[in-house]
Amino acid sequence: MRIREIHVTPVAFRDPPLLNAAGVHEPWALRTVVEVVTDEGLTGLGETYGDLDHLVRVRAAAEALRGHDVYGDNAMYATVAGLVGADVVTDLHGLTGTSSRAKTVDRIFSPFEVACLDIRGKAAGRPVVDLLGGRVRDAVPYSAYLFYKWGGHPGAPEDGFGAALDPEGVVEQARLLIGRYGFGSIKLKGGVFPPEQEAEAIRALREAFPGHPLRLDPNAVWSVETSIRVGRELDGLLEYLEDPTEGIEGMARVAAEVPMPLATNMCVVTPEHLPPALRAGAIGVLLTDHHYWGGLVRSAHIATLCATFGIALSMHSNSHLGISLAAMTHLAAATPAVTHACDTHTPWQDGQDVVAPGALRFVDGAVPVPDGPGLGVELDRDALAIMNEQYEKCGVRSRDDTTYMRSVDPSFSARRPRW
């Protein structure tokens with residue numbers, strides 16, 4: 001079964017003003033939908049980033065992969081690697097760690113691998129989770145992913161989520177998301193306000209939700225000294241502290257001095273980072289992300305390595321749509337080492353999606369593995385057309401949280417460390 005054609009469709013959807021260490025989300029989030037069509041008429045779906053530099057290379061890869069066997073992952077990976085050459089795609093926001101050629105190849109290959117797994121599942125009449133070894137859980141828990149945020153974008157009405165700029169606002173946001181989705185754990189995106197203020201928000205969350213595991217992610221804007229001090233102050237409150245400071249060496253220094261495990265999706269982002277991180281004792285939890293770890297199978301391999309060396313797993317999230325949520329759910333459902341609830345931005349998309357409704361839902365904070373073959377989701381072509389039209393009209397071509405923040409606050413700096 002060979003690839004006859006590949007459709008690559010950039011899309012844009014509305015995004016709230018979510019604050020982070022790099023600045024603030026723009027009014028439009030970008031993604032790319034990949035649809036692989038075989039010579040036997042089966043189709044498969046993948047989803048990836050929407051920034052223009054990445055999109056150009058995904059389109060080039062789509063041309064190069066025509067004619068490939070949908071079971072030939074190694075040959076397809078080699079084709080993508082040859083196409084990338086020495087190129088490195090760098091994210092402007094810098095929230096997913098360092099960029100490299102290997103990471104660039106992995107992130108371009110990933111949506112095609114997911115789409116081919118979708119096809120293989122449909123051909124076999126089995127869900128993707130079965131192609132990854134079979135399910136170890138029937139539903140995948142996700143966390144309430146909290147953000148400091150403005151009430152609305154500048155010049156726009158307040159959105160349905162409201163503002164969250166202090167501990168009280170963060171707690172109210174948690175009540176909203178947990179009440180709506182039933183999440184059993186909570187993550188706060190930090191790196192926005194001084195550490196003392198964010199620590200106070202964690203204390204307020206602990207008081208309001210005494211049974212919910214908590215985690216805090218400052219995106220590496222704290223110094224080693226600040227990370228150690230705040231980590232000690234939050235003893236007994238956090239499930240894990242995510243990327244408090246920058247780099248494997250810095251994380252290792254913090255890990256040796258704080259009582260909770262450190263997690264990362266920034267200092268370990270390719271397989272070559274694992275050996276030095278393990279030697280240094282830098283992390284206790286790795287947040288995998290199939291979008292830049294090379295797809296579902298390669299992510300499963302990393303999970304096995306982590307389990308071997310005693311590293312627990314969760315899953316990182318960026319602004320995404322339902323194809324990604326389905327892929328994440330199949331992967332986590334087949335991965336015993338995923339022992340922490342995964343991250344997801346799905347609530348922030350507020351119902352916007354390119355997949356037909358019904359296949360994906362939250363039940364008590366978890367997403368049941370979709371029932372159908374492959375990923376178990378289908379394109380909503382009307383929604384895809386609308387989001388593609390939004391992409392063409394919105395004017396945003398690369399996510400740039402810092403420049404958008406500076407349009408509101410010219411004094412804003414994304415330097416690290418900031419505290």
Side-chain angles (χ1 to χ4, degrees), residues 10-31 49-55 90-96 144-177 180 187-195 197-198 200-201 204 216-221 317-321 343-353 386-416 418-419:
V11 298
F13 52 93
R14 296 194 178 277
D15 209 14
L18 306 178
L19 299 163
N20 57 56
V24 62
H25 287 205
E26 296 177 83
W28 297 97
L30 308 179
R31 296 295 275 182
Y49 311 102
D51 289 4
L52 185 58
D53 285 352
H54 180 68
L55 173 62
T90 302
D91 291 321
L92 292 174
H93 54 76
L95 298 179
T96 56
Y145 200 167
L146 310 184
F147 283 80
Y148 290 105
K149 68 178 292 291
W150 300 329
H153 286 282
E158 183 166 304
D159 59 41
F161 299 101
L165 297 169
D166 53 27
E168 293 75 20
V170 167
V171 169
E172 285 308 306
Q173 185 183 104
R175 293 191 195 283
L176 174 67
L177 296 187
R180 189 174 292 175
K187 171 175 173 173
L188 174 61
K189 176 68 82 174
V192 176
F193 295 111
Q197 184 173 337
E198 295 182 354
E200 187 58 34
L216 173 63
D217 175 18
N219 276 127
V221 297
S317 167
N318 208 325
S319 299
H320 65 82
L321 295 168
D343 297 343
T344 180
H345 282 63
T346 294
W348 299 108
Q349 273 48 91
D350 204 20
Q352 302 171 96
D353 214 337
I386 290 170
M387 288 195 189
N388 176 243
E389 183 178 5
Q390 289 171 174
Y391 173 86
E392 297 297 337
K393 292 181 177 179
C394 74
V396 178
R397 290 297 176 265
S398 293
R399 175 180 166 181
D400 188 351
D401 295 13
T402 302
T403 297
Y404 184 49
M405 174 63 91
R406 286 175 179 160
S407 71
V408 178
D409 176 9
S411 68
F412 176 78
S413 171
R415 72 185 184 279
R416 295 183 191 140
R418 200 174 309 157
W419 288 285

(message) Taking Gly23's backbone N and O only, do any of them form a donor-acceptor pair with Thr402's side chain (distance below 3.5 Å, no angle check)?
(response) no

(request) Can you tell me which residue pairs pass the salt bridge (charged side-chain N to carboxylate O under 4.0 Å, His left out) test with a partner in residues 394-404, sequence neighbours excluded? (result) Arg399-Asp401

(message) Can a side-chain donor-acceptor contact be found between His320 and Thr344 if the only test is distance below 3.5 angstrom?
(response) yes

(message) Could you check whether any side-chain N or O of Arg416 sits under 3.5 Å from a backbone N or O of Ala21, counting only pairs where one atom can act as donor and the other as acceptor?
(response) no

(message) Using 0.5 Å steps for rounding, measure from the CG atom of Asn388 to the CD atom of Glu392.
(response) 5.0 Å

(request) Hey, could you give me the CZ/OG1 distance between Phe412 and Thr403, rounded to the nearest 0.5 Å? (result) 10.5 Å

(message) So if I apply the side chain to side chain contact (heavy atoms under 4.5 Å, CB included) rule between Asp15 and each of Gln352, His25, Glu26, which one comes out positive?
(response) His25

(message) How long is the straight-line distance from CZ of Phe147 back to CG of Asp217, given to the nearest 0.5 Å?
(response) 8.5 Å

(request) Work out which heavy atom in Leu188 is nearest to a heavy atom in Ala201; give both atom names and the distance. (result) CD2-CB, 4.0 Å

(message) Contact between His93 and Asn318 at the side-chain level, heavy atoms closer than 4.5 Å - yes or no?
(response) yes

(request) Might you point out which heavy atoms bring Gly50 and Leu55 nearest each other, and give the distance in Å? (result) O-CB, 4.3 Å

(request) Measure the CG-OH distance between Leu18 and Tyr148 for me, rounded to the nearest 0.5 Å. (result) 13.5 Å

(request) Taking all heavy atoms of Pro347 and all of Leu177, pick out the closest pair and write down the distance. (result) CB-CD2, 4.0 Å

(message) Contact between Tyr404 and His153 at the side-chain level, heavy atoms closer than 4.5 Å - yes or no?
(response) yes

(message) What's the separation between atom CG in Leu95 and atom CG in Leu92, rounded to the nearest 0.5 Å?
(response) 11.0 Å

(message) Take a 6.0 Å sphere around CZ of Arg406 and say whether it holds more than 12 heavy atoms from other residues, nucleotides or ligands.
(response) yes

(request) Kindly compute the distance separating CG (Leu216) from CD (Glu198), expressed to the nearest 0.5 Å. (result) 6.0 Å

Just list the side-chain donor-acceptor pairs under 3.5 Å for residues 156-165, sequence neighbours left out, or say none.
from	atom 1	to	atom 2	distance (Å)
Asp159	OD1	Lys149	NZ	3.0
Asp159	OD1	Phe161	N	2.9
Asp159	OD1	Gly162	N	3.0
Asp159	OD2	Lys149	NZ	2.9

(request) Of all the heavy-atom pairs spanning Tyr391 and Val396, show the shortest one and how long it is. (result) CE1-O, 4.2 Å

(request) Heavy atoms only: give me the nearest His54-Tyr49 pair and the separation to one decimal. (result) CD2-O, 3.4 Å

(message) So does Ala22 get a backbone contact from the side chain of Asn20, meaning a donor-acceptor N/O pair under 3.5 Å?
(response) yes

(message) Tell me which one of Lys189, His345, Gln173 satisfies side-chain hydrogen bond (donor to acceptor under 3.5 Å, both in side chains) with Tyr145.
(response) Lys189

(request) Search all heavy atoms of Val24 against all heavy atoms of Pro17 and return the closest pair with its distance. (result) CG2-C, 3.6 Å

